Peer 1: 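Take this structure first; my questions come after.
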Protein chains: 2
Amino acid sequence: MELPEAKQKFIEAWGKLGSEWGINRTMAQVHALLLLTPDALTTEEIMEALSISRGNVNMTVRDLINWGLVEKQLRAGERKEYFYADKDTWNIARQVAKERRKRELDPVIKILDELVKVEGDKKDPGYKTFHKTVTDINKLAKNVDKTLETMIKADESWFWGSILKIFK
Amino acid sequence: MELPEAKQKFIEAWGKLGSEWGINRTMAQVHALLLLTPDALTTEEIMEALSISRGNVNMTVRDLINWGLVEKQLRAGERKEYFYADKDTWNIARQVAKERRKRELDPVIKILDELVKVEGDKKDPGYKTFHKTVTDINKLAKNVDKTLETMIKADESWFWGSILKIFK
DNA sequence: TCGAACTTTCAAAATATACTGAAACTTAAT
DNA sequence: ATTAAGTTTCAGTATATTTTGAAAGTTCGA
């Protein structure tokens with residue numbers, strides 16, 4: 001396989017994975033493109049490379065910046081903005097974990113904490129099932145939450161070292 | 001908060017979480033409904049409880065069965081089919097991990113393995129960046145893959161015991 | 001083998017999501 | 001103050017996903 005084709009494949013694969021994970025395809029593709037590019041790109045170059053509109057690039061890049069995956073670079077004497085993606089995969093993973101935790105897991109845990117407190121007739125199977133399900137899911141969610149928190153704070157080699165050692 | 005309202009909240013929350021995780025909202029809601037129901041429900045009852053059409057229930061329930069989260073029950077002397085959700089949250093988590101790994105992670109790892117092999121000019125920064133990015137992501141993906149595999153095989157208390165012990 | 005009870009399918013409609021492109025806006029040099 | 005280079009916004013359009021509902025299919029008892 002030749003390099004240009006390989007790059008294309010990578011962009012596609014990352015785009016597909018992204019869309020399966022609730023990140024929109026274009027956003028994932030722009031990220032992939034930047035990950036493959038040694039230096040920063042302009043809006044113009046991204047538009048060109050992926051055949052998408054200016055408006056789309058603008059919004060997508062803003063999202064990537066909000067996710068902490070891309071940074072805007074300014075160059076002395078130039079008006080154009082350049083976009084550069086952090087290439088450290090551990091940072092990327094951590095950043096994604098951090099954002100998703102904040103956006104998705106935290107709100108659900110908050111609701112579950114409320115629901116665990118709901119009182120009811122302990123003889124009623126409907127109530128018993130409700131209470132057990134909610135309590136169990138809450139516990140699971142809290143475990144996931146703690147694990148993510150550790151991961152977010154941790155150093156890569158330590159993290160995988162510990163995980164894979166146990167699981168050996 | 002009263003039980004019916006609490007149930008409703010749970011169904012909504014689970015639906016929202018599901019849709020953020022690439023599982024469609026209705027599927028997650030049907031799952032939530034079944035998780036709250038001590039015994040099995042019929043198509044009719046699901047339609048009623050969630051105000052959705054017969055066709056939708058049929059397809060959604062089929063998907064849940066394919067994900068291994070719900071089972072079809074037949075009762076002697078009855079034509080109707082009943083649907084029952086496994087209430088064990090660890091099984092649910094495992095099952096979801098298993099399916100997503102198979103459907104999403106495995107194909108990406110296959111592509112990454114191909115891309116890691118692509119040869120190029122070692123002086124070319126474009127090639128160097130490509131190669132490093134692909135190699136790094138491949139490693140990360142393999143670590144996640146191994147961890148998921150362990151989780152899928154593991155027993156709940158052992159798994160969280162080990163994880164949380166390290167992470168203290 | 002008929003028909004009632006139930007399930008499945010899928011084309012069409014509804015809804016949700018993403019993208020475009022041109023106008024409005026910003027900034028800085030002249 | 002004007003203009004040119006660039007960025008941002010967003011109404012309208014395009015695309016993708018989900019849902020409906022009615023027709024076709026299945027199964028089983030009489």
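Remember, predicted model here, so these are calculated numbers, not experimental data. Quick note on labels: first sequence line is chain A, next is B, and so on, each numbered from 1.
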Peer 1: Report the residue from B/Lys139, B/Arg101, B/Lys110 that forms a salt bridge (charged side-chain N to carboxylate O under 4.0 Å, His left out) with B/Asp145.
Peer 2: B/Arg101
Peer 1: Could you check which of D/dT20, D/dT7, D/dT18 has an atom nearest any side-chain atom of A/Glu81?
Peer 2: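 Side chain of A/Glu81 sits closest to D/dT7.
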Peer 1: Does A/Lys80 make a side-chain N or O approach to OP1 or OP2 of C/dT27 shorter than 4.0 Å?
Peer 2: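 False: A/Lys80 side-chain N/O out of range (4.0 Å or more) of C/dT27 OP1/OP2.
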Peer 1: Rounded to whole Å, how long is the line connecting atom CZ of A/Arg54 with atom P of D/dC10?
Peer 2: 18 Å
Peer 1: On DNA chain D, compare the nucleotides closest to B/Thr26 and A/Asn58; which residue's is nearer the 5' end?
Peer 2: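 Nearest-nucleotide comparison on DNA chain D picks A/Asn58.
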Peer 1: Tell me the interatomic distance from A/Asp63, atom CG, to C/dT17, atom C1', rounded to whole angstroms.
Peer 2: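 Roughly 13 Å, once rounded to whole Å.
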Peer 1: Scan for ring pair (Phe, Tyr, Trp, His ring centres under 6.0 Å) pairs involving residues 44-83 of chain A, sequence neighbours excluded, and state none if there are none.
Peer 2: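 Applying ring pair (Phe, Tyr, Trp, His ring centres under 6.0 Å) to every pair that reaches into residues 44-83 of chain A, excluding sequence neighbours, yields nothing.
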Peer 1: More 5' along DNA chain D: A/Arg25 or B/Asn56, using each one's nearest nucleotide?
Peer 2: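 Result of the comparison: A/Arg25.
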Peer 1: Between D/dT18, C/dT8, D/dT9, which one does the side chain of A/Met59 approach most closely?
Peer 2: D/dT9
Peer 1: Show the nearest heavy-atom pair for residues B/Val118 and B/Tyr127, with the distance to one decimal.
Peer 2: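 So the minimum-distance heavy-atom pair works out to O-OH, 3.0 Å.
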Peer 1: In whole angstrom, give the distance that lies between atom CD of B/Glu78 and atom P of C/dC6.
Peer 2: 8 Å
Peer 1: Check this one for me: any side-chain N or O of B/Arg79 less than 4.0 Å away from OP1 or OP2 of D/dG29?
Peer 2: no
Peer 1: For A/Ile23 and B/Thr43, take the nucleotide of DNA chain C holding the closest heavy atom to each; which residue's nucleotide lies nearer the 5' end?
Peer 2: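 Upstream on the strand: B/Thr43.
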Peer 1: A/Thr60: what forms a side-chain contact (heavy atoms from CB on, under 4.5 Å) with it, not counting sequence neighbours?
Peer 2: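 Residues passing side-chain contact (heavy atoms from CB on, under 4.5 Å) with A/Thr60: A/Thr26, A/Met27, A/Val30, A/Asn56, A/Leu64.
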Peer 1: Rounded to whole angstrom units, what separation is found between the CZ atom of A/Arg62 and the C1' atom of D/dT8?
Peer 2: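 Taking CZ of A/Arg62 and C1' of D/dT8, I get 7 Å after rounding.
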Peer 1: How many whole angstroms separate atom CD of A/Gln73 from atom C1' of D/dT7?
Peer 2: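 From A/Gln73 CD to D/dT7 C1': 17 Å.
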Peer 1: Given atom CD of A/Glu48 and atom C1' of C/dT20, what is their separation to the nearest angstrom?
Peer 2: 17 Å
Peer 1: In this structure, how many angstroms lie between the C1' atom of C/dA18 and the CG atom of A/Leu50, rounded?
Peer 2: 15 Å
Peer 1: Please pick, from D/dT19, C/dT9, D/dT8, the nucleotide with the shortest atom-to-atom distance to any side-chain atom of B/Ser53.
Peer 2: D/dT19
Peer 1: A/Met27 has an atom CE; how far is it from atom P of C/dT17, in whole Å?
Peer 2: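 Roughly 16 Å, once rounded to whole Å.
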Peer 1: Using a 4.0 Å heavy-atom cut-off, does B/Ser19 contact any base of the nucleic acid, only the sugar-phosphate backbone, or nothing at all?
Peer 2: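 Counting heavy atoms under 4.0 Å across all strands, no contact is made by B/Ser19.
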Peer 1: Surrounding CD of B/Glu71 (heavy atoms of other residues, nucleotides or ligands, distance under 6.0 Å), is the total greater than 12?
Peer 2: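 Yes, CD of B/Glu71 has more than 12 neighbouring heavy atoms, counting only those of other groups under 6.0 Å.
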